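Sequence positions, counted from 1, serve as the residue numbers for this chain. All of these numbers come straight from a predicted model, not from anything done at the bench.
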Amino acid sequence: MKTIAFFDAKPYDRESFDRFNNGRYEIRYFESRLKAAALPLAKGCDAACAFVNAEIDRTVVEGLVANGVKVLAMRCAGYNNVDFKAAYENGLTVVRVPAYSPYAVAEHAVALLMALTRHIHKAAARTRDFNFSLVGLTGFDLHGKTAGVIGTGKIGRIFCDICKGFGMKVIAYDAFPNPASGLDYVPLEQLLAEADVISLHCPLLPDTHHLINAETLAKVKPGVTLINTSRGGLVDSEALLAALREGMVGAAGLDVYEEESEWFYEDRSDVTLQNKTLSLLVSLPNVIVTSHQAFLTKEALANIAQTTLSNLDDYFAGRPLENEICYRCMGTGGALKANCPRRINGRCHRG
Ligand code: NAI
């Protein structure tokens, strides 16, 4: 029986993976994140399974391979935390779950937007204290406003559809626009200038790192609401904090944070003040921070477990790997490059 070293295991992961595994793999669940210090846990395992905040640099890749791991199954869509060049050079195959529930993430983005727009978080805190005053809770209609969506893949397009349902005008920016989407694509500068709401749905890549920075924030419509459910590194948090203070950004809903790996998914209430920027952001009344939970629905957890296990089935059976990530194709928005061997033999490399 093949063995999986399963890192960063939470109770909800165990439940869904045990349910769909049906005894075909021995799954060793570890609470630790996959990082250099945790490498001994993978010794003798055939596969490793990791999540968004793992730190899979060259040292970890080489350590996994030295421990006998042949395939790394990322149980997430984003892969900015994996050194793919090192994986390719060391013969470590990497697979992922490209979509577990785009609805879950798009709906969470909308939940953040609605809560901020109508001050739901403040109202709930007030009524808990029997304070039923409405002063300071004036919101605005989304109907008739402009949503600017950056990244129009699976999640971004669902977010666009929901916004259209609200009667919003939707404009979009994408490095690889999809003409079949029927979306109104505009240059980034125009989106920044016209949108009342900006929602980020593009991957974190070298060219999208700090896409929202002091320079781009200076070009937004004053009072814009910024929603980020994609990756923290897309936003320069210091610049966002300054823009919130100056009123250029009216509100921010953040499910991700650029230094979240230190904090998210754990109870860190004993050390709140160690990250000054995050402490300031969470303390602002016009900011809502959630802990990278946009994916967390029953449907998404079931899809994550089923797809991860089926990726591993395909790997060990020598079948084509639909969900393999090819480092040479990174930066092409997920499309395979013309010369990628996967076009011919179904795999980026034999692993
Ligand atoms: P996708 O691959 O379907 O769509 C990404 C879109 O971004 C594509 O249309 C692509 O062309 C576009 N893009 C690529 N480079 C760009 C650039 N430089 N500028 C503008 N657009 C660019 O991905 P999907 O499934 O829609 O996911 C989007 C992101 O959501 C993921 O990369 C991931 O980081 C994040 N995510 C967050 C989750 C959470 O729980 N908060 C869960 C799942 C995904």
Keeping the roles fixed (side chain from [X], backbone from [Y]), state whether a donor-acceptor pair exists under 3.5 Å.
X: Asn286; Y: Leu116; result: no
X: His209; Y: Val235; result: no
X: Asn303; Y: Tyr100; result: yes
X: Thr297; Y: Ala104; result: no
X: Asn67; Y: Ala42; result: no

Other residues, nucleotides, ligands: >12 heavy atoms within 6.0 Å of [X] [atom1]:
X: Arg24; atom1: CZ; result: yes
X: Lys169; atom1: NZ; result: no
X: Glu31; atom1: CD; result: no

Go through Leu217 and Val249 one step at a time and tell me if the side-chain contact (heavy atoms from CB on, under 4.5 Å) criterion holds. CA-CA 8 Å; Leu217 285 167; Val249 173; 3.7 Å; yes

Salt bridge (charged side-chain N to carboxylate O under 4.0 Å, His left out) between Asp313 and Arg319, intermediate numbers included: CA-CA 8 Å; Asp313 292 347; Arg319 290 191 289 263; 5.2 Å; no

In terms of relative ring orientation, are Tyr25 and Phe316 parallel, tilted or perpendicular, with 30° and 60° separating the classes?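 Because their plane-to-plane angle lies in the 30° to 60° range, the rings of Tyr25 and Phe316 count as tilted.
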
Parallel, tilted or perpendicular: which describes the rings of Phe30 and Phe7, with under 30° parallel and over 60° perpendicular?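 Ring orientation of Phe30 relative to Phe7: tilted.
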
Please report the closest heavy-atom contact between [X] and [Y], naming both atoms and the distance.
X: Ile212; Y: Leu226; value: CG2-CD2, 4.3 Å
X: Val69; Y: Ala48; value: CG1-N, 3.7 Å
X: Val71; Y: Leu92; value: N-CD1, 3.8 Å
X: Thr93; Y: Leu321; value: CG2-CD1, 3.6 Å
X: Thr59; Y: Ala36; value: CG2-CB, 4.4 Å
X: Leu188; Y: Tyr173; value: N-CD1, 3.6 Å

Would you give the length of the straight line joining atom [atom1] of [X] to atom [atom2] of [Y], rounded to the nearest 0.5 angstrom?
X: Leu192; Y: Glu215; atom1: CG; atom2: CD; answer: 10.5 Å
X: Lys122; Y: Thr127; atom1: NZ; atom2: OG1; answer: 14.0 Å
X: Phe20; Y: Ile304; atom1: CZ; atom2: CD1; answer: 11.5 Å
X: Asp314; Y: Glu322; atom1: CG; atom2: CD; answer: 8.0 Å
X: Leu200; Y: Thr208; atom1: CG; atom2: OG1; answer: 9.5 Å
X: Asn21; Y: Thr308; atom1: CG; atom2: OG1; answer: 11.5 Å

Less than 3.5 Å apart, which donor and acceptor atoms pair up between the side chains of residues 134-146 and the rest of the protein, not counting sequence neighbours?
| from | atom 1 | to | atom 2 | distance (Å) |
| --- | --- | --- | --- | --- |
| His143 | ND1 | Phe166 | O | 3.3 |
| Lys145 | NZ | Asp141 | O | 3.0 |

Evaluate the side-chain contact (heavy atoms from CB on, under 4.5 Å) criterion for residues Ile227 and Ile198: first the C-alpha distance (whole Å), next the side-chain angles of each, then the deciding distance (0.1 Å), finally the verdict. CA-CA 6 Å; Ile227 305 293; Ile198 296 176; over 6 Å; no

Salt bridge (charged side-chain N to carboxylate O under 4.0 Å, His left out) contacts in which one or both residues fall within [range], not counting sequence neighbours:
range: residues 184-193; value: Glu189-Lys219
range: residues 125-139; value: none
range: residues 45-59; value: Asp46-Lys70, Arg58-Glu62, Arg58-Glu89
range: residues 152-162; value: none

Under a 4.0 Å threshold between the charged nitrogen and the carboxylate oxygen, would Lys10 count as salt-bridged to Asp8?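 Yes, charged N to carboxylate O under 4.0 Å.
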
Would you please say whether a donor-acceptor pair under 3.5 Å links the side chains of [X] and [Y]?
X: Asn80; Y: Arg231; value: yes
X: Asp174; Y: Thr152; value: yes
X: Tyr29; Y: Asp18; value: yes

For Phe264, enumerate each residue passing the ring pair (Phe, Tyr, Trp, His ring centres under 6.0 Å) test, keeping only those at least two apart in sequence or located in another chain.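 Counting only residues at least two positions away or on another chain, Phe264 forms no ring pair (Phe, Tyr, Trp, His ring centres under 6.0 Å).
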
What's the verdict on side-chain contact (heavy atoms from CB on, under 4.5 Å) for Val82 and Met74, showing C-alpha distance, side-chain angles and the deciding distance? CA-CA 9 Å; Val82 182; Met74 297 302 294; 4.0 Å; yes

Show me, pair by pair, the donor-acceptor contacts under 3.5 angstrom made by side chains of residues 236-243, not counting sequence neighbours?
| from | atom 1 | to | atom 2 | distance (Å) |
| --- | --- | --- | --- | --- |
| Asp236 | OD1 | Glu238 | N | 3.2 |
| Asp236 | OD1 | Ala239 | N | 3.3 |
| Ser237 | OG | Glu258 | OE2 | 2.8 |
| Glu238 | OE2 | Thr277 | OG1 | 2.7 |

Who passes side chain to side chain donor-acceptor pair (under 3.5 Å) against [X], sequence neighbours left out?
X: Asp196; value: Lys221
X: His201; value: Ser199
X: Asn90; value: none

Under the salt bridge (charged side-chain N to carboxylate O under 4.0 Å, His left out) rule, collect the residues that match up with Arg75, sequence neighbours excluded.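 For Arg75, the residues satisfying salt bridge (charged side-chain N to carboxylate O under 4.0 Å, His left out) (neighbours in sequence not counted) are Asp13.
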
As a test of understanding, state which of Asn228, Thr290, Asn275 forms a side-chain hydrogen bond (donor to acceptor under 3.5 Å, both in side chains) with Tyr257.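 So, applying the side-chain hydrogen bond (donor to acceptor under 3.5 Å, both in side chains) to Tyr257 and each of Asn228, Thr290, Asn275, only Asn275 qualifies.
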
Below 3.5 Å, can you tabulate the donor-acceptor pairs from side chains in residues 176-183 to any protein atom, sequence neighbours excluded?
| from | atom 1 | to | atom 2 | distance (Å) |
| --- | --- | --- | --- | --- |
| Asn178 | OD1 | Ala180 | N | 3.0 |
| Ser181 | OG | Asn178 | O | 2.7 |
| Ser181 | OG | Leu183 | N | 3.2 |
| Ser181 | OG | Tyr185 | OH | 3.4 |

